[in-house]
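Each remark here refers to the structure printed beneath this line.
What you are looking at is a predicted structure, and each value in this text was computed from that prediction instead of being measured.
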Amino acid sequence: MAPPFIFPQSLTALEDDNESDYAHLTVQTPFSLSSLRPSEVEEFVKGVSFDLSDKELFCVEEQEVFDRVYSLVKGFASLSSASKFNLVESLRSNLSVLLPNVDSLSRSRCSLSRDDGEDESGGEQLVADRVASHRNAFKIYSFFLLQIVLIEESSSGSCTMPVVVASSRKKQPVNSWNWEPQRGRIMNLIANSLEINLSLLFGSSDPDENYLSFIVKNTFLMFENASLLKDSDTKDALCRIIGSCATKYRYIAQSCASILHLIHKYDFVVTHLADAVSGAEKKYADGSMATSLIREIGRSNPKDYVKDTVGAENIGRFLVELADRLPKLLSTNIGLLVPHFGGESYKIRNALVGVLGKLITKAFNDNEGEVSSKSQRLRTKQAMLEILLERCRDVSAYTRSRVLQVWAELCEEHSVSIGLWNEVATMASGRLEDKSAIVRKSALNLLIMMLQHNPFGPQLRAASFEATLEQYQKKLNELTPKIPPQNSDELPSDNDVSCGDSGVEDEEIESKVPDSLTDSCLPHVEDDTLQVDNSVPDVGNVEQTRTLVASLEAGLRFSKCISATMPTLVQLMASSSSGDVENTILLLMRCRQFQIDDSEACLRKMLPLVFSQDKSIYEAVENAFITIYIRKNPVETAKNLLNLAIDSNIGDLAALEFILGALVSKGDITASMLSALWDFFCFNISGTTAEQSRGALSVLCMAAKSSPNVLSSHLQDIVDIGFGRWAKVEPLLARTACLALQRLSEEDKKKLLSTNGSRIFGILEGLVSGFSLPEKIWYAATDKAIAALYNIHPTPEIMAADLVKRSLKSLFDFNEEGELQTDMDSGIPSTVQVSKLSRYLFIVSHVAMHQLVYIETCVRKIQKAKSKKEKMVAEEKILDANTASDVQKDDGINSELGLAASEDAMLDSLAEKAEKEIVSGGSMGKNLIGNCAPFLSKLCRNFSLMQKYPELQASGMLALCRLMIVDAEFCESNLQLLFTVVENAPSEIVRSNCTIALGDLAVRFPNLLEPWTENMYARLRDQSVSVRKNAVLVLSHLILNDMMKVKGYINEMAIRLEDKDDRISNLAKLFFHELSKKGSNPIYNLLPDILGKLSCANLEGESFCNIMQFLIGSIKKDKQMESLVEKLCNRFTGASDTKQWEYISYCLSQLAFTEKSMRKLIESFKAYEHILSEDVVMENFKNIINKAKKFAKPELKSSIEEFEEKINKFHCEKKEQELTEKNAQEHQQKVGSLENFMETKKDVEESGESEITEELEFDEDEVQSPLVHLKGASKSKIKKSSTRSQNVDPHTSTRRNTRSKQRKKSLDNSDYNLFGANLIMLAVEDE
């Protein structure tokens, strides 16, 4: 019989164990394969394979066979593919045949126990020998197969790179045998061997410790190979091995330690180890390994995870995977992990939040069991939900975001009860204002998920819930008195089942709410009109009705909660984070789908975002627009678009025009949709109103901007309907029709003028000069009418002159001459004349502006035609090769003479002359507008008249600004007037218009406006919000487009960063943000000047800090930061005010310090050493030092520590000096006051103005007492004193007299007795 086989520490250790005293199977005569030729090696392998297959299974324990197999396994890496395959197959097949034979051992023992005879002891020995042989063979086969796996994996790992890099294909057959299937079969065989009844082989329930240690050690070693785990067969086998060893054979402690080590070290093993743990629990119905792992993780110190971030993340992932696979087991052990919520590692807290989410979803779905266990599960679930609610206030933004994500998952899995629904919604709404973008994103996604999976129905209008709730509340009130008395005892039990104490049991409430809850919430909803049926459906008994009422109340609260977030969502759409904007748009779309109140209005506020430079934001807006407004039905699409155009303001209309132009270009707006719009405009659809017709034409005009042919098919309809009788019903229809005339293509314009030219011009003239339109609408219509006139008329200046004359004639109409004369005598025009005068000024100024634009357009056309002609001539001449030399000669002569330049100069001169003649060319009395200009200037200077008629001032100043834009001379002569009005006009509308006009003037005449720069910046201090807002917009436009240099008044714009109005504050922030992108960041150069001026301004400390923090935050370059350190330190020497020292030091503390800037600060110590006595300054320097310590290297850190000690020393010394100086000053003041006191005393004694009587003599029966006589004192007081003193003992009187004398003596000898000083002051008091 062969000696027993014991697993060695390594393969080669089998050769070293020959000298051991303990008898066991070792290698006696190993063979060296390197001395054999390849053919001999193959024959050797075939011989071994033949012996293993031909002989018994136990032949491997024979010494010769054992030595030969060992030699082949040792040199396995050098074997050929065929030899490897033969050897592996022989060993694997023998072990697979050996495993079923283990069961035969039990049958052999049973048959032996049944046999009676003399050979019983011999039979037992035979069976024992057979078991030993089986055990030996089992161990040897397992050992050699695992060694082959380890050798092959190590060789393949080391040869991976050379095989990939090598370009020759001759080397590939060396490792070309398909190893992966062999490895999977081997490991599965090992796993199967552990799952059989090994107690028959090893004689006990647990196998040999040496065997298990070898198996487990190498299994975990294989787990470290990521490529090996990609093979599903091998990975499953390894998981089975771990599960069997740890659970079946109680090898838990060592396995758990190895598992935790692997998890901490490698992130790719987390999922696979979770599979192993969960697989063991399910196979053996024993969760001891999982429990041990949870206990070990719970016992670990939370502080260890702060530094080991990778381990913390892997442990967290493992716990989440375990909770997903074993939710019930983890729910019973969750208490071991809860203390880690107090740890500093946010990754562990994130993982625990995920674990709670998995447990809430999966661990409490089993409704079976006793009532007590069910109640315990509900309490556990409620505790988990409360922890999740509490964790939304975690200090880490990552954890808060993860909590919101888990709540979203719970909502998706329908694991949130109605009782908690509103609490979660309130929490999510509050997180919308979180300072972290990732938290806001998660909150938005949570609200989207809550809307999508809400238990209240597909429509959440508050009015619907209120109406339905009222109906069911009445029904509940009706049912309550009708309850029979005998049923009253049963109600509490029903209520306990359906409405318990916690919020979790509301899941049962949901089960009782009928599926038609949505229909009951909205009985009849058609075309956005609410119709509540008074006949409420019967839902059952009182308890079911009460449950339904509670559900309706919860739905109403949820609807109002979402509706209350609309202002916050509007703010988020203006966020600098594109993620905020995109997710906010998605949430608003979902709100609109569920008909949340105010969601439609908020969605329209997303339209201006189409102008965003962020492509993702534009795409989000475009997709949302298409989803909301573009339908398959063309009529619905047309109706949506025209309603949107009707309800939009000017800004939204511009955005709508932009996005419609893009959709028309892409083809998303189809011809059928445009046809439906024309049907609405032409009243072809029944029920169309004049307002809808105007909206349809407005949308068509927007589409025509990118595709002018849109209007070609309905030219006559535009004229007939746009200016016909419907224009009287809807006055803005005429204005929209004028806009449509401007959008016509050149061919359509010619076609229209040839058929209806005179009619159209007559209509436009009547629109401008007539009084059919209301006053406010007339201005808008006239604006578009004059623009259309200049756009389509061949000679617009002639017709424009007629319009001015007509307006002037109507102003001085003969029929109103008497009234006008009377009014002029009194100096106050009538209301009618004010209206006509305002219209006249509007027409004159508008014509002047359009005439200027018309001249510039004509010049551009001439230049374009000229360049086109020159290009064609040049091409024709170049094609003619015979005249090539002539062309060069002519070009040379023209260039020498400067003929081309002279033509351009002549054209510019004519254009300048034409522009000047608009206003200043009226010297011959033939210029209509020029004659009006002096009158307009005098009218605007009549401030008393303007104040009485603010509408006239608005119209007059607007006209004045337009004429100033047209003509430079007129502008220069009226600039003083303009700035006077913009500063002193009582109307904020006038000031706003003038502020906007200043921006246009600065663009057209920058040299004229340059001296008035300070006055332009002064508009930022206006009391009116609209004026300040327009000033910020105008200055931002001028500065960012390089039309105005950033002067020394930029501090006024910086102050607007802290404006009370959020809109102005945001505009100022946007300005500085865009300014920082220009060139090398102008804010860097402006910052010292801004700091100096803000330090002297009357600003609150908090506002100053916020402004400077924002400005410094826009400086990103390290060199600029270093330079700022030096500049700010130098400012300390020029500042003498404590407030300025504090401000400069605060700015220093806000800089992002680098190693160089920190050294520069230390080197500049002399510049600020004299201010270190100030506590605020010292605090700012401490903040700088604390920041620097975080990034400092050891060398710099020592310098920083020395610097810290130095400034602390100086701070203490300066404080002591100040304290000494203060004490000296106080002492000097005391000495001076004492000297004055002594001089006063001496003067009083010499003048004799005071007299101190030490004692008064009375009769023996009277009491003698000291008394101070004051001049003018009342004698009655002395009498009363004498009367009171008659009953006093004489001895007492004598003692008092003695003490009085002693006090007087003390008074005379003491110079520092304050009581004496007071006494003397009383003595010298005059009558």
Compile the donor-acceptor pairs under 3.5 Å between side chains in residues 1036-1045 and protein atoms, sequence neighbours left out, one pair per line.
residue	atom	partner	partner atom	Å
S1036	OG	V1032	O	2.5
H1037	ND1	N1041	ND2	3.2
N1041	ND2	H1037	O	2.7
D1042	OD1	K1078	NZ	3.4

Less than 3.5 Å apart, which donor and acceptor atoms pair up between the side chains of residues 854-863 and the rest of the protein, not counting sequence neighbours?
residue	atom	partner	partner atom	Å
T857	OG1	V853	O	2.8

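- Relative ring orientation between W1012 and F979 is described as parallel, the plane-to-plane angle staying below 30° on a 0-90° scale split at 30° and 60°.
- A donor-acceptor pair shorter than 3.5 Å cannot be found between the side chains of T995 and N993.
- Inspection of the S845 and R962 side chains reveals an N or O donor paired with an N or O acceptor under 3.5 Å.
- Ring pair H846/H850 is perpendicular by interplanar angle, where above 60° counts as perpendicular and below 30° as parallel.
- When E983, E988, R991 are each tested for a side chain to side chain contact (heavy atoms under 4.5 Å, CB included) with D1022, only one passes: R991.
- The existence of a salt bridge linking D1061 and R1028 is excluded, since no basic side-chain nitrogen approaches an acidic carboxylate oxygen closer than 4.0 Å.
- Scored by the side chain to side chain donor-acceptor pair (under 3.5 Å) test, N974 finds S937, R941 as partners (sequence neighbours excluded).
- The side chain to side chain contact (heavy atoms under 4.5 Å, CB included) test applied to C940 returns L936, M957, L960, L977, not counting sequence neighbours.
- S835 and E775 are linked by a side-chain donor-acceptor pair at a separation below 3.5 angstrom, with hydrogens and angles left out of the test.
- By the side chain to side chain donor-acceptor pair (under 3.5 Å) test, N1081 is found to be paired with no residue, residues two or more places apart in sequence or in another chain being considered.
- A salt bridge is defined here as a Lys NZ or Arg NE, NH1 or NH2 lying under 4.0 Å from an Asp or Glu carboxylate O, and D1062 with K1069 fails to meet this definition.
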Extract all donor-acceptor atom pairs below 3.5 Å that involve side chains of residues 1088-1098 and protein atoms in other chains or at least two apart in sequence.
residue	atom	partner	partner atom	Å
K1093	NZ	G1048	O	2.2
S1095	OG	L1091	O	2.6

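- A salt bridge (charged side-chain N to carboxylate O under 4.0 Å, His left out) with E746 holds for exactly one of K750, R743, K749; it is K749.
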